[in-house]
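Below is one structure, written out as structure tokens; the observations come after it.
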Amino acid sequence: MKLAYWMYAGPAHIGTLRIASSFKNVHAIMHAPLGDDYFNVMRSMLERERNFTPVTASVVDRHVLARGSQEKVVDNITRKDQEEHPDLIILTPTCTSSILQEDLQNFVERAQLDAKGDVMLADVNHYRVNELQAADRTLQQIVQFYIEKARKKGELPEGKTEKPSVNIIGISTLGFHNQHDCTELKRLMADLGIEVNAVIPEGASVHELKNLPRAWFNLCPYRELGLATAKYLEEQFGTPCVDITPMGVVETARCIRKIQQVINASGANVDYEEFINNQTLYVSQAAWFSRSIDCQNLTGKKAVVFGDSTHAAAMTKILSREMGIHVVWAGTYCKYDADWFREQVSEYCDEVIITEDHGAIGDAIARVEPSAIFGTQMERHVGKRLDIPCGVIAAPIHIQNFPIGYKPFMGYEGTNQVADLVYNSFTLGMEDHLLEIFGGHDTKEVITKGISAESDLNWTKDGLAELNKIPGFVRGKVKRNTEKFARERGIGNISAEVLYAAKEAVGA
């Protein structure tokens, strides 16, 4: 078994807990050993939450293993029901506690006898799905639970809203700029004369879920979360889904035109072309900026893109189609969505990479030596080691990617934010050379055989001294070429003499 010391998408229970803690007045019970209960700290820190994260760990310890878990789990559920009075309690194991092969559905049914609120089991396979897939499945499961509950009670509303309306599905805690995107999408819908029927799961009450069928259409801005729910609503109520991510000038316009088509097919009579033209010309600065002399300096520069399917595909299109940047390769860690991703980006990049191996991604970046990287925090770390700037565009993310200021990536304001991110991610003109001259450049080097953690080479004192004399904007490339030269010839210690020989070998 390979030790996973970096995962792009977390384990399944993290996805379930993200959904549970996004809803209002929903509590999660996590059946897990100590060590699996880091979600509370992570969410409280990253989201800067003022309230406690509504997740309780029902700890599996040696006493539980000796006696069985049912009594403790049921007690924890009923206790939280009495203390917090939640509308819903969700029980989830972790991949660790799933090894016990317990009948958790039986635990839920037993607890439901005493609990006043609803109790349900997050029904996901913790060995087959990751955080994103589990979140998608859990949201669909909760929506289905309350739709069917309302149907049995005869409380399911009939008919659509009087005016065109939308359900925005997939806004979640710990999502990449989700709150800002949601604000921008609400503003966009208001400008289009469309009412927001519901936003789920973030900030929603489970009691509102029975009203989801009243919307004219569903908008799923993120492929990773919401499509299963939208598919369920389409199957049950015929509600059409718009799943075009409105990120970038072209895709935002395409999304709006699709919305126009959907609501006109449902009886409206709208034409958004004038709105699209006005927003593109005067609200979004990205279309103008991409043709300015500043942005022309980026034309043809090499970049690589890596992230979840939604953001990596959108950013690849923006770089190639809207800013004239050469995307050498684009990749995603969403292996389950590989076919869709390839279909979306193939014409906009030279190569497509689908992998969950961060080491392979680091080596792929080192191989092509792009001018900029657009990826996750992991690719930002890779960029630091290779002296290549990186713009973070997707989770997994750091606290710095939860900005206090307003930074949506979607809609027309999002186009401005993305254009700024792209432009500021490149090292421009003489910037690196000036940093070197004025002593502001960090000359510390990580000596490795590429980007991998292990190293079989050693730089001597005189070799390092000679390396540090090389200007910073080419030092990384020279170092990697020298190490390649030494490795091919079986040289273990790189001295100044080896450095000179390597430079001669490549004609430098």
Side-chain angles (χ1 to χ4, degrees), residues 19 22-23 132 135-136 139-140 142-143 147 160-173 175-204 208-209 211-268 270-272 275-276 279 308-311 313-314 317 337 340 344 408-415 418:
I19 298 302
S22 293
F23 278 106
L132 303 176
D136 196 32
L139 180 60
Q140 183 268 325
I142 294 172
V143 168
I147 292 283
K160 304 296 182 183
T161 57
E162 184 178 345
K163 295 180 180 178
S165 60
V166 60
N167 297 320
I168 301 175
I169 304 177
I171 307 297
S172 162
T173 189
F176 182 74
H177 290 239
N178 271 201
Q179 306 292 355
H180 305 175
D181 284 347
C182 184
T183 300
E184 188 63 21
L185 291 175
K186 285 180 177 178
R187 181 180 296 169
L188 179 61
M189 293 303 111
D191 289 344
L192 297 176
I194 297 171
E195 296 177 346
V196 176
N197 184 60
V199 176
I200 61 170
E202 183 63 26
E208 300 167 0
L209 296 179
N211 296 319
L212 290 176
R214 300 203 69 208
W216 287 37
F217 70 99
N218 296 314
L219 176 61
C220 292
Y222 311 111
R223 285 191 63 77
E224 293 72 31
L225 178 56
L227 287 181
T229 301
K231 183 179 180 182
Y232 167 76
L233 292 170
E234 187 167 12
E235 290 172 350
Q236 292 290 312
F237 307 101
T239 311
C241 173
V242 175
D243 61 356
I244 300 170
T245 301
M247 189 171 156
V249 174
V250 177
E251 291 297 285
T252 298
R254 195 164 75 90
C255 178
I256 294 171
R257 291 188 179 106
K258 181 64 176 179
I259 290 172
Q260 173 183 304
Q261 176 188 336
V262 165
I263 65 174
N264 281 347
S266 298
V270 297
D271 185 350
Y272 294 138
F275 172 80
I276 292 171
Q279 293 285 313
D308 59 29
S309 293
T310 298
H311 292 93
K317 293 175 184 177
D337 208 18
W340 178 88
Q344 291 292 309
F409 269 50
M410 294 188 181
Y412 286 105
E413 176 55 31
T415 65
V418 171

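When a residue number appears, it is its place in the shown sequence, counting from 1.
Listed for the Asn218 side chain is no donor-acceptor partner under 3.5 Å among the backbone atoms of Cys241. Between the side chain of Asn178 and the main chain of Ser172, a donor-acceptor pair closer than 3.5 Å is present. A donor-acceptor pair under 3.5 Å is absent between the side-chain atoms of Lys186 and the main chain of Ile168, judged by distance alone. The backbone N or O of Thr173 sits less than 3.5 Å from a side-chain atom of Ser22, completing a donor-acceptor pair. Within the 3.5 Å criterion, the main-chain N or O of Thr161 finds no donor-acceptor partner in the side chain of Ser165. Listed for the Asn167 side chain is a donor-acceptor partner under 3.5 Å among the backbone atoms of Leu212.
Pairing each heavy atom of Trp340 with each of Ser309, the nearest pair is CZ3-O, 3.7 Å. Heavy-atom minimum distance, Pro201 versus Ile171: CD-O, 2.9 Å.
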Please lay out, stage by stage, how Leu219 and Ile169 fare under the test side chain to side chain contact (heavy atoms under 4.5 Å, CB included).
-> CA-CA 6 Å; Leu219 176 61; Ile169 304 177; over 6 Å; no

Checking side chain to side chain donor-acceptor pair (under 3.5 Å) for the pair Tyr222/Asp308: CA distance, chi angles, key distance, verdict?
-> CA-CA 9 Å; Tyr222 311 111; Asp308 59 29; over 6 Å; no

Would Thr245 and Cys255 satisfy side chain to side chain contact (heavy atoms under 4.5 Å, CB included), going step by step from the backbone distance to the final call?
-> CA-CA 7 Å; Thr245 301; Cys255 178; over 6 Å; no

Stepwise side chain to side chain contact (heavy atoms under 4.5 Å, CB included) check, Gln236 with Ile147 | CA-CA 10 Å; Gln236 292 290 312; Ile147 292 283; 5.7 Å; no

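Lys231 and Gln140 form no side-chain donor-acceptor contact under 3.5 Å, judged by distance and modelled atom types alone.
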